[in-house]
Amino acid sequence: MTALLRVRDLDAHYGHFQALSGIDLEVGAGEAVAVIGANGAGKSTLLRAIAGQVPQPGGSRVEFDGVELRGLPAHRRARLGIALVPEGRKLFPSLSVQENLLVAAGAADRRARGGRRWGLDAVYELFPNVGRLRDRPGGALSGGEQQAVAIGRGLMAEPRLLLLDEVSLGLAPVVVEQLYAALGTIAATGVAMLVVEQDVGTALRLAGRVLCLRAGRTVLTGAAAEVTADAVTAAYFGT
Amino acid sequence: MTDTTTPAATDATGPVVVRTTRASRAAAVVALPVVALLAALPYLVAPNITRLLVGLFTLVLLATMWNLLAGYGGMISVGQQGFIGIGAYAVLVADLIGVNPYLGLALAAVGAAVLALPTALLVFRLHGGYFAIGTWVVAEVYRLVTVEFRAVGGGSGASVTGLSVFPPVLRGAITYWCALGAAVLAVGGVYLLMRSRLGLGLTAIRDEPTAADSLGVRVRAAKRVVFVVAAAGCGLAGALIAVDSLRVQPDSIYSVQWSAFMIFMVVIGGLGTIEGPVVGAVVFFAIQQLLEPYGVWYLVVLGVVAIAAALVARRGLWGLLTLDRDVRLLPTGYRLRP
Amino acid sequence: MTWVNAVVQGLLLGGVYALFACGLSLVFGVLRIVNLAHGDLTVLAAFLALVATSTLGLNPVLALVVVVPVMAALGFALQRLLLHRSLRAGELAPLLVTFGLSIVLQNALLQTFSADTRSLPAGDFGTAGLELGGGIAVGWLGLSTLVVAVAVLAGLQLVLARTPIGRAMRATSDDPETAALMGLDDRRVYAVATAIALATVALAGVFYGMRGTFTPTLGPQLLIFAFEAVIIGGLGSLWGTLLGGLVLGVAQTVGAQIQPTYGVLAGHLVFLVVLAARPSGLLRREEVR
């Protein structure tokens, strides 16, 4: 299987603080991989580095569909088909829900000549309550509604790789349940996913493989089915 | 009895908090004789040289005040000419009512400071660039109101007549000493202000804006103090310009050109340092003297240099001179010496 | 009747101010930069039109065909070369850079065109008008300036509210980092916004040049008027900007009716009163955050 995303020896720095060191990772087309780890382990930084929000040092390689991404700014990566649903949802407060969705559609303009899979209708079908809220300002929604719009906005860019950062954060279990059901539907359409979660159980239901980070390093990788709870605990806390 | 001294204090090899640097101790040794020499200058050199230096000292005063506002207070004002004008007119008013114009210098500083209080109430409602233009509007209002007064010459201005009782050489010397005193007072005063709690608080907020929210009220008060002090300094500068040129003309004393000069001096010299504005004033003064015969092109050149400095050399000439090694002749902070 | 006339003339004058102000408002709204060179760019546009009318023999209105694209291109370049860098060089840098630019433009114009007072030859269009009776006359030029101002503001409003680029501008203004994740290039979005702003500046410069006189050092005054219109109307509201322009225009003509030297001062005072009594402006933008 050729990998859609291939990360080799990825480092990331915030000033003098090294947030990631030597991360290797592959995500195949249509595959879902979970990234787990404690607070500050570097999970979000990994997604941000792939999306182009964190500078990529010279020795690190990030290849998407065979293309090296170094030096490509975030907006160019989005146009290639990498969509990050950021931590904290980050909806545009002065845009309505529908405008929030439409604003991302432009990222797919060049790739979607043959027709789009994700338009407004498809997103509204996936998240029916988003359709009902379409004229509300982005800032005036509940956390779960915001997260649904944020995921929908990511889809409007017709991603081949969807990066999801802490989807469940601060949401009620029943809402998380609905959102992950929707993510399952999205995964079934062949969109590859890299899912960052603190809630290991939730992430492993969606992902076939898992990557556990601690202090910016990979401490555990494996197929989700083969990773035991004890191994995860050990990797998490470094015991 | 238990030992109450802290471990850090008993451990002689631990870090020590110091407020001086080697450069600052050297500067203190050099500064006194230099100021003394400058003070003796009227006895040593021709009056035309001290006259030139009055201009330079006024620029040092202005640059230091603008740096206080922008470099430490984070407020970009393009309306300081309002206070310069008020200061100059304070001298005219003192002259009119028969007060010695040199006493008018003090009147100018106080008058500008008093006027700065209501001004701050209004312009502090604006932020960033809109604050900048707001101060400018207020300066325009000062000008437009001033020219309505016939007693001070309306739109054409008036001359300072009360100084004619002094012989020209003495008048030149007194003006020189006033200007020197004002510049030293400004640089020293800003230095002491920035070493005080108020100054350290301002620096902390400049360096860590997220802390500003929790300190909102105190920040506002500190900024108001800075605004008033800067107004007083600019008022004093305006008064110096008036006693030096013996004439006040509203369009030129209230000209936004003064703000341009201040910005050039501070940005080129080094924003947010005590030394930078002094360096900037000297450089600006030299460029002005050398290039003024070539018309206003020198302002075009200075504008381009200031743009470049704002974009690439944010600590200005002082930063370049010291290679950003944090050389401080007048250190305002605390530092740890291991 | 003279008072009614003062108000009518003030409304027409306010049209120019609204036209000045919308570019300032747009650049601030999208880039969060207050362009201190705004007034000088307006004067530059007037001088460009002057050169176009004298060398190509064009009517000033036709000169717009040249001046508007040139200014828009200049805006695009300005954003790419100067403003974008200044956005990354700290909080104070955009102000220092645009103020430096203001001084450069002003003095370069002064050196090139001298301090002489100029105006754009508008011919009959500039002098003819509509007699309303009772000593009130409405000049065609003033009326068309007001119409153009309303049209430009309505057009901008429409672009911002309804078009993809307008949506991109609002999104980038909200959060440039997240906007980039949606495939929006903030450099391009900002450059387009600046280009549009300078196109409106070109219109404002040419109409102002036809109405009255201008000199290379007029820029700061125009910046102040534009700024007052923006603040009186309310930050972030384009219709507020129109209202602010009209209020400012009326304040100036009514002030000048009391005594000629009071005109500009009256405008400033109205601005200060609004700032003291209603700092968010007459038309507050509806809170969405």
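These numbers come from the heavy atoms of this one structure, side chains and all, not from hydrogens, waters or symmetry mates.
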Need one label for [X]: side chain, backbone, both or neither, based on atoms under 4.5 Å from any heavy atom in chain C.
X         : result
Ala260(B) : both
Leu121(B) : neither
Ile263(B) : side chain

Checklist line | By side chain to side chain contact (heavy atoms under 4.5 Å, CB included) - contacts of Val51(C) (at least two apart) | finding: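 Residues passing side chain to side chain contact (heavy atoms under 4.5 Å, CB included) with Val51(C): Thr55(C), Phe113(C).
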Item checked: Pairing residues for Val147(B) by the side chain to side chain contact (heavy atoms under 4.5 Å, CB included) criterion, not counting sequence neighbours ->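 Result, side chain to side chain contact (heavy atoms under 4.5 Å, CB included) vs Val147(B): Pro250(B).
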Next item on the list: Enumerate the residue pairs fulfilling ring pair (Phe, Tyr, Trp, His ring centres under 6.0 Å) with a member in residues 88-112 of chain C, sequence neighbours excluded, ordered by first and then second residue.
Entry: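 Sorted pair list comes back empty.
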Could you list each N or O donor-acceptor pair linking chain B to chain C at a distance under 3.5 Å?
from	atom 1	to	atom 2	distance (Å)
Arg125(B)	NH1	Leu275(C)	O	2.9
Arg125(B)	NH1	Ala276(C)	O	2.7
Arg125(B)	NH2	Ala276(C)	O	3.4
Glu148(B)	OE2	Thr261(C)	OG1	2.9
Arg314(B)	NE	Ala89(C)	O	3.2

Item checked: Heavy-atom pair with the smallest gap, counting every atom of Ala310(B) and Ala89(C) ->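 Smallest interatomic distance, heavy atoms only, reads O-CB, 3.9 Å.
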How long is the straight-line distance from [atom2] of [Y] back to [atom1] of [X], given to the nearest 0.5 Å?
X         : Y         : atom1 : atom2 : result
Leu299(B) : Leu110(C) : CG    : CG    : 9.5 Å
Phe225(C) : Ile133(B) : CZ    : CD1   : 13.0 Å
Ile307(B) : Leu81(C)  : CD1   : CG    : 11.5 Å

Checklist line | Most contacts with chain C, counted as non-hydrogen pairs under 4.5 angstrom, among Val312(B), Val296(B), Leu122(B) | finding: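 The candidate making the most pairs under 4.5 Å is Val296(B).
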